[in-house]
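A quick write-up on the structure given underneath.
Computed from a prediction, not measured in an experiment: that's the story for all the values here. Below, chain A is the first sequence line, B the second, and so on; all start at residue 1. Side chains are part of it too, since the values below use all heavy atoms of this structure and drop only hydrogens, waters and symmetry mates.
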There are 2 protein chains.
Amino acid sequence: MALAHALLASLLVDGACSGYDLVKRFDESISCYWMASHQQIYKELRDLEKQGWVSSETIAQTGRPNKNLYSITALGQEHLAHWILTPSVPTVIREDLMIKTLAGFLVPNLAMLDELKRRRQIHLDKLAVLKEIERQEFPQVAALSREQKFCYLSIRRGIRYEADWVAWCEEAIALLAEE
Amino acid sequence: MALAHALLASLLVDGACSGYDLVKRFDESISCYWMASHQQIYKELRDLEKQGWVSSETIAQTGRPNKNLYSITALGQEHLAHWILTPSVPTVIREDLMIKTLAGFLVPNLAMLDELKRRRQIHLDKLAVLKEIERQEFPQVAALSREQKFCYLSIRRGIRYEADWVAWCEEAIALLAEE
DNA sequence: TATTCCATGTAAGACGTTACATGATTGA
DNA sequence: TCAATCATGTAACGTCTTACATGGAATA
């Protein structure tokens, strides 16, 4: 149910846009916290409009398909604020690599080391992207407005998450390389 | 599809048991990496048996319901090993609190601080449990067998994950408390 | 000439959650 | 006596993934 809220938050923070643009936003930055396919996003936007939480306007275009521009409504903002005030529990974790790690002794050590190194690189790459965003958009942490602080904290969560994965991969590689 | 592999890994590492016991294992330790309800687990075990990856034996009991004791088969081990060797991608993240953080300026500062403190405590509690397991079961890291190293690394992942959440909560609380 | 971009959608199936159900036994 | 434990299940519903579809415009 929270895809709805992720969409509302994006429309609120980064402004009105089309479903297509939301797909890109999710692919780029929001995917740090919420993953969604275009099928899900388009469908959810239609549902949100039925609820009155977003409104849409069809923009006629020449040379390319028309698009629906979605905006969050006042009702949508109220709904989002109300949801934010509802206590939530940590997301359930379902991490393939941890299951593989539990039973990792079934396969050759080098195979596990390869997988861990591959995984470390994935997180290093994501980390580099996020750090660049941090450097460019938040050069002066002391001078942030309240709204900017929240964006900053979101990026910080992503940075910590990726850095933490890298650190664990390093630890695991070091321990298994002892063999 | 990886719930199947989580079940196989548990039966392999911690030995044969009933669905009921697997539910408990998932509630206690495995939930760090894989969450599952009893309905899912019972159903998946039946499916795994159809595939020939586990075998079951009905244990007649007096004074309490009969139980089905599940064991991983040789075929199941092969399948698990094969899956481990298949490269996998990081789990998609869907984290309510991050969406709330993005749009957190919609609600009073104290409300967000409360939610962050509540959240920090949840992770502190989980962290304490995991650290206790680490202390009791892995007192001497240098002397671990290959199989034990993998268990140790799983616990380490959980510890890092929870500690990382705590650290982020601290950072967020500090930044928002400035107001 | 082939691929990617723009922009949106349907449909089937897998996976997960929530609610409901049973019934004896053990412990507070 | 009330709740929790043991032990397993069905059913309805919601969410997510995967596959398939369209068709012009711009770019390599």
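For the pair A:N66 and A:Q39, both in contact range of DNA chain C, the more 5′-proximal nearest nucleotide belongs to A:N66.
In terms of phosphate contacts, A:Y20 brings a side-chain nitrogen or oxygen within less than 4.0 Å of OP1 or OP2 of C:dC6. Note on B:Q61: a side-chain N or O is less than 4.0 Å away from OP1 or OP2 of D:dA7. Look at B:R64 and you won't find any side-chain N or O under 4.0 angstrom from OP1 or OP2 of C:dT22. Using a 4.0 Å cut-off, no side-chain N or O of A:Q40 falls inside it from OP1 or OP2 of D:dT15. A close approach under 4.0 Å does not occur between any side-chain nitrogen or oxygen of B:R46 and OP1 or OP2 of D:dT8.
Listed nucleotides: C:dA7, C:dT17, D:dT17. Nearest to the side chain of A:K67: C:dA7. Which of D:dT18, D:dT8, C:dA7 sits closest to the side chain of B:Y42 comes down to D:dT8. Nearest to the side-chain atoms of A:S37 among the listed nucleotides D:dT17, D:dT8, C:dT8 stands D:dT17. Distance from the side chain of A:W34 is smallest to D:dC16 among D:dA21, D:dT8, D:dC16.
Summarising the geometry, the separation between CG on B:D47 and P on D:dG9 is reported as 12 Å, rounded to the nearest angstrom. Following rounding to the nearest Å, B:I41 (CD1) and C:dT17 (C1') show an atom-to-atom distance of 14 Å. Following rounding to the nearest Å, A:R94 (CZ) and D:dT17 (C1') show an atom-to-atom distance of 14 Å. Between the CD1 atom of A:I59 and the C1' atom of C:dT8 there is a distance of 15 Å, given to the nearest Å. Atom CE of B:M35 is separated from atom C1' of C:dC15 by 14 Å (rounded to the nearest Å).
Cluster annotation: B:I159 is connected to A:I99 through the hydrophobic network of ILVMFWY side chains, with a link wherever side-chain heavy atoms come within less than 4.5 Å.
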Yes or no on side-chain hydrogen bond (donor to acceptor under 3.5 Å, both in side chains) for B:Q51 and B:D47, after CA distance, side-chain angles and deciding distance? CA-CA 6 Å; B:Q51 297 283 329; B:D47 293 349; over 6 Å; no
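Using a 4.5 Å heavy-atom threshold, the side chains of B:L7 and B:W34 count as separate.
Heavy-atom minimum distance, A:C32 versus B:I93: O-CD1, 3.3 Å.
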